[in-house]
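Shown next, in structure tokens, is the structure this report addresses.
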Amino acid sequence: MKIFSICAFLVALLVLVVACSPHADAQTCQPSGHLTGRKPPPGRCNTENDSECCVEGKPYPTYTCSPPVSGRTNAKLTLNSFQEGGDGGGESFCDDSFHPDYTKVVALSTGWLEGRKRCNKFITINGNGQSVRAKVVDKCDSMVGCDEEHDYQPPCPNNIVDASKAVWEALGVPEDNWGDLAITWSD
């Protein structure tokens with residue numbers, strides 16, 4: 001009976017550890033739906049910074065959530081131009097403005113923006129052995145895409161920090177490696 005009690009205790013402890021682990025929390029944000037890709041009109045998809053264009057009929061996951069934010073939230077850093085005519089599309093969500101590539105600004109996946117809670121606030125990005133503070137000015141839309149407003153690009157995954165060229169430069173990433181970098185970020 002004593003061995004059974006010890007085994008039951010160890011199983012309960014294991015369940016508690018798994019349920020409370022950061023990896024388990026990250027799994028709680030599942031796709032909320034799918035969007036079917038539409039082929040962009042000729043010349044209408046902006047492929048600056050290696051941006052992807054929607055593919056006719058391809059299902060793209062959509063998200064209303066992002067993984068939980070912690071002191072060091074894992075994310076994928078991508079490259080975006082917030083300038084007028086850049087691959088970011090229209091004016092920034094938070095301030096209805098364009099931002100030159102030399103300013104340290106970012107867009108966060110829809111869930112991380114929390115409505116507008118993080119708008120115009122600064123976050124710290126850690127990557128490539130460096131850190132930089134950048135202003136949140138836009139949303140990397142995880143709900144909608146493949147339309148004119150989003151430059152016929154697919155919805156963002158739920159773990160994106162989409163950054164200006166100035167952020168990439170501040171992190172010391174060689175320009176030929178810009179576009180996809182595993183990072184952490186915090187408020």
*Trp178 vs Trp168 aromatic rings, parallel, tilted or perpendicular, using cut-offs 30° and 60°?*
tilted

*Evaluate the disulfide bond (SG atoms under 2.5 Å apart) criterion for residues Cys94 and Cys119: first the C-alpha distance (whole Å), next the side-chain angles of each, then the deciding distance (0.1 Å), finally the verdict.*
CA-CA 5 Å; Cys94 294; Cys119 276; 2.1 Å; yes

_As a quick check of understanding, evaluate side-chain contact (heavy atoms from CB on, under 4.5 Å) for Phe82 and Val137, giving each step before the final call._
CA-CA 9 Å; Phe82 298 85; Val137 297; 4.1 Å; yes

*Hey, is the main chain of Asp180 close enough, under 3.5 Å, to the side chain of Thr78 for a donor-acceptor pair?*
no

*CD1 of Ile183 to CD1 of Ile125: how many Å apart, nearest 0.5 Å?*
5.5 Å

*Under the 3.5 angstrom rule, does the side chain of Ser70 hit a backbone N or O of Arg72 as a donor-acceptor pair?*
yes

*Shared hydrophobic cluster, Val106 / Val173 (ILVMFWY, side-chain heavy atoms < 4.5 Å)*: yes

*From CA spacing to verdict: side-chain contact (heavy atoms from CB on, under 4.5 Å), Val136, Leu113*: CA-CA 8 Å; Val136 177; Leu113 199 59; 3.6 Å; yes

_Tell me whether Glu48 at atom CD has more than 12 heavy atoms from other residues, nucleotides or ligands lying less than 6.0 Å away._
yes

*How long is the gap from CG on Leu171 to CG on Leu181, to the nearest 0.5 Å?*
7.0 Å

*State whether the side chain of Asp95 and the backbone N or O of Ser97 hold a donor-acceptor pair below 3.5 Å, judged by distance alone.*
yes

*asked:* Using a 6.0 Å distance limit plus a 45 degree cone around the ring axis, check whether Arg38 lies over the aromatic ring of Tyr152.
replied: no

*Asp101 and Ser164: side-chain donor and acceptor closer than 3.5 Å?*
no

_Whether Arg118 and Asp187 form a salt bridge (side-chain N of Lys/Arg under 4.0 Å from carboxylate O of Asp/Glu) is what I want to check._
yes

*Common cluster, Tyr63/Trp112, ILVMFWY with side-chain heavy-atom separation under 4.5 Å*: no

*Quick one: do the Asn158 and Ser109 side chains pair a donor with an acceptor below 3.5 Å?*
no

*N/O donor-acceptor pair under 3.5 Å between Asn128 side chain and Gly172 backbone*: yes

_SG to SG below 2.5 angstrom is the rule I want applied to Cys53 and Cys45. Does it hold?_
yes

*Run the numbers on Val161 and Lys76 for side-chain contact (heavy atoms from CB on, under 4.5 Å), then give the verdict.*
CA-CA 6 Å; Val161 176; Lys76 178 179 168 183; over 6 Å; no

_Working for side-chain contact (heavy atoms from CB on, under 4.5 Å), residues Lys135 and Asn120_ = CA-CA 6 Å; Lys135 186 177 183 179; Asn120 301 310; 3.6 Å; yes

*So if you build clusters from Ile, Leu, Val, Met, Phe, Trp, Tyr with side-chain heavy-atom gaps below 4.5 Å, do Ile123 and Leu77 land together?*
yes

*Could you state the interatomic distance from CG (Asn159) to SG (Cys29), rounded to the nearest 0.5 Å?*
9.0 Å

*Rounded to the nearest 0.5 Å, how far apart are NZ of Lys39 and NZ of Lys58?*
15.5 Å

*If two hydrophobic side chains count as joined below 4.5 Å and joins carry through other members, does Leu79 share a cluster with Val167?*
yes

*Side-chain donor or acceptor of Thr110 paired with backbone N/O of Ser142 under 3.5 Å*: yes

*Nearest-0.5 Å distance, CD of residue Gln153 to CG of residue Asp87*: 5.5 Å

*Just by modelled atom types, is the Phe93 backbone N or O under 3.5 Å from a matching donor or acceptor in the Asp138 side chain?*
yes

*Check the hydrophobic clustering (I, L, V, M, F, W, Y; side-chain heavy atoms under 4.5 Å; chains of links allowed) and say if Val132 and Val69 are grouped together.*
yes

_If I take atom CE from residue Met143 and atom SG from residue Cys156, how far apart are they, to the nearest 0.5 angstrom?_
12.5 Å

